[in-house]
Every structure is written in structure tokens, then in C-alpha cells.
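Each remark here refers to the structure printed beneath this line.
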Amino acid sequence: MSDIGRNEPCPCGSGKKYKKCCLLEKDRFESRQRDKNSAASRALDWLSAKYPEKMTKAAHYDFFGDPDDEEIQAISELPPHLQEMLQVNIG
């Protein structure tokens, strides 16, 4: 399938130019995907900056398993929303 020019009729049959119809939606979707991908990275950067020792211990727990008491304590000291964010981003 060849690329559709911006000024060509939209292949969806709306009668609009591609740039005013489906291309606009495609651009919005790609923008949302970029935002999602960068949000996880920003969250981990923020957590690492704010809680470096706890993040190290929590990451060790998730990646290596069988945590010792000190590691369990470090994770449990994080606020619940940060614990959840950590689990989501590491997973």
C-alpha cells in the first residue's frame, strides 16, 4: 500500500482531505503513545531522585526476589501510591 498524500481525499470515504480527517486522528494517537511512554520514564526518574535508597531496595526486591527484612521495610515505608507506581513501572 502506498503512502497517502496529505491533500488527497481520505480513504475512509468521508470526502474530507486526509490531513483534515484520519491523519489528524493518527497524529493524536501517536502523540498519546509518546506521552504514555515518557510518563513511565518520568515517574521512575522522579522516584529515583526523591527516594534513591528505597527505589534501589524495591527494585532489588522485584528483580531478585526473596527480600530480607530491611528490603521489605524500605518498600513498606513508601506511600501507597508510590508503592503502586513502583510496581506498575517495574512490572
Side-chain angles (χ1 to χ4, degrees):
M1 183 174 175
S2 64
D3 288 336
I4 303 165
R6 293 174 45 83
N7 290 315
E8 292 180 24
C10 190
C12 76
S14 67
K16 297 179 183 179
K17 288 185 178 182
Y18 181 57
K19 69 182 177 184
K20 297 285 187 178
C21 191
C22 291
L23 179 62
L24 189 59
E25 199 57 41
K26 178 184 169 199
D27 289 345
R28 287 182 187 142
F29 174 78
E30 289 173 353
S31 176
R32 285 191 304 270
Q33 290 301 106
R34 284 191 301 274
D35 289 347
K36 280 184 188 178
N37 293 338
S38 68
S41 177
R42 287 192 318 267
L44 286 174
D45 290 344
W46 181 85
L47 283 169
S48 294
K50 186 135 173 112
Y51 303 100
E53 187 176 315
K54 292 177 182 179
M55 279 290 292
T56 299
K57 290 178 181 182
H60 180 269
Y61 168 77
D62 271 357
F63 286 113
F64 301 111
D66 197 21
D68 60 24
D69 291 338
E70 185 178 317
E71 291 169 326
I72 292 171
Q73 181 65 29
I75 294 168
S76 67
E77 289 174 1
L78 288 171
H81 70 283
L82 295 179
Q83 290 180 32
E84 182 179 345
M85 191 183 313
L86 179 65
Q87 293 297 324
V88 166
N89 286 297
I90 288 176

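Applying the side-chain hydrogen bond (donor to acceptor under 3.5 Å, both in side chains) rule to Glu77 yields the partners Gln73; only residues at least two apart in sequence or on another chain are considered. In this structure, Gln33 has no side-chain hydrogen bond (donor to acceptor under 3.5 Å, both in side chains) partners at least two apart in sequence or on a different chain. Annotation: side-chain hydrogen bond (donor to acceptor under 3.5 Å, both in side chains) contacts of Lys16 (sequence neighbours excluded): none.
Scanning both residues, Lys19 and Asn7, for their nearest heavy atoms gives NZ-OD1, 2.9 Å. Pro11 and Tyr18 make their closest contact through CD-CD1, 3.9 Å (heavy atoms, listed as atom of the first residue, atom of the second, distance).
Counting only heavy atoms from C-beta outward, the side chains of Arg28 and Glu25 approach each other to under 4.5 Å.
In this structure, CD on Gln83 lies 11.5 Å from CE on Met85, to the nearest 0.5 angstrom.
Checked by atom type and distance alone, the side chain of Ser31 never pairs as donor or acceptor with a backbone atom of Asp27 at under 3.5 Å.
Heavy atoms of other residues, nucleotides or ligands lying less than 6.0 angstrom from CD of Glu70 number 12 at most.
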Q: Go through Met55 and Leu78 one step at a time and tell me if the side chain to side chain contact (heavy atoms under 4.5 Å, CB included) criterion holds.
A: CA-CA 9 Å; Met55 279 290 292; Leu78 288 171; 5.6 Å; no

